[in-house]
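Read the structure below first, then the notes.
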Amino acid sequence: MHVFLKKYASDFYFTDGLAVAYAPKGGKLGFVNTSGELATPYLYTHARGFSEGLALVQNSKGKYGYINAAGKTVILFNK
């Protein structure tokens, strides 16, 4: 796991093969996979781990929605 620590700030709690990762600058969140690659770009201001293939995320407008493991919005952002 030490390779991850050099590349990403994360709690490395993997669910569905992904963990929340923190951008080095700017305070945004994305997801890193178990291979050490950024799987979802740093786009979110808040993110929860995946459960049943979906993760709750908050966009920069303060709205919440759900994304799948590919980073695609599957439940639109709402209040």
Side-chain angles (χ1 to χ4, degrees):
M1 188 176 306
H2 66 285
V3 174
F4 288 120
L5 295 175
K6 292 179 183 178
K7 291 178 76 172
Y8 303 104
S10 175
D11 58 8
F12 301 108
Y13 180 74
F14 289 92
T15 54
D16 292 354
L18 298 168
V20 174
Y22 308 94
K25 296 180 183 179
K28 298 284 183 167
L29 303 168
F31 291 88
V32 62
N33 65 26
T34 57
S35 297
E37 301 163 337
L38 189 63
T40 302
Y42 301 118
L43 298 174
Y44 308 105
T45 56
H46 179 78
R48 304 280 297 205
F50 279 83
S51 176
E52 298 182 31
L54 299 176
L56 176 68
V57 293
Q58 181 183 36
N59 66 17
S60 60
K61 295 179 182 180
K63 296 186 177 190
Y64 289 89
Y66 284 86
I67 62 170
N68 64 16
K72 181 179 177 184
T73 301
V74 293
I75 299 177
L76 298 178
F77 290 89
N78 293 319
K79 277 191 169 187

Self-check item: side-chain contact (heavy atoms from CB on, under 4.5 Å) evaluation trace for Tyr44 with Ile67
Solution: CA-CA 11 Å; Tyr44 308 105; Ile67 62 170; 3.6 Å; yes
Self-check item: CA sep, side-chain torsions, deciding dist, call: Tyr64, His46, side-chain contact (heavy atoms from CB on, under 4.5 Å)
Solution: CA-CA 9 Å; Tyr64 289 89; His46 179 78; 3.8 Å; yes
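Residues Tyr22 and Leu29 come closest through the heavy atom pair CD2-CD2, 2.8 Å. In terms of heavy-atom proximity, Thr73 sits nearest to Ile75 at CG2-O, 3.5 Å. Considering every non-hydrogen atom in both Val20 and Ala47, the closest pair reads CG2-O, 4.0 Å. Summarising the geometry of Ala39 relative to Leu18, their closest heavy-atom pair is CB-CD2, 3.6 Å, with the distance given to 0.1 Å.
If you take CG on Asp16 and OG1 on Thr34, they are separated by 11.5 Å, rounding to the nearest 0.5 Å. Separation of atoms NZ (Lys28) and OH (Tyr42) is listed at 13.5 Å; rounding is to 0.5 Å. Rounding to the nearest 0.5 Å gives a distance of 7.5 Å between NZ of Lys63 and CG of Asn59. Of the inter-residue distances, the one linking Thr15 atom OG1 with Tyr13 atom OH reads 6.5 Å to the nearest 0.5 angstrom.
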Scan the side chains in residues 49-58 for donor-acceptor partners under 3.5 Å anywhere in the protein, sequence neighbours excluded, and list what turns up.
| residue | atom | partner | partner atom | Å |
| --- | --- | --- | --- | --- |
| Gln58 | OE1 | Thr45 | OG1 | 3.1 |
| Gln58 | NE2 | Gly62 | O | 3.2 |

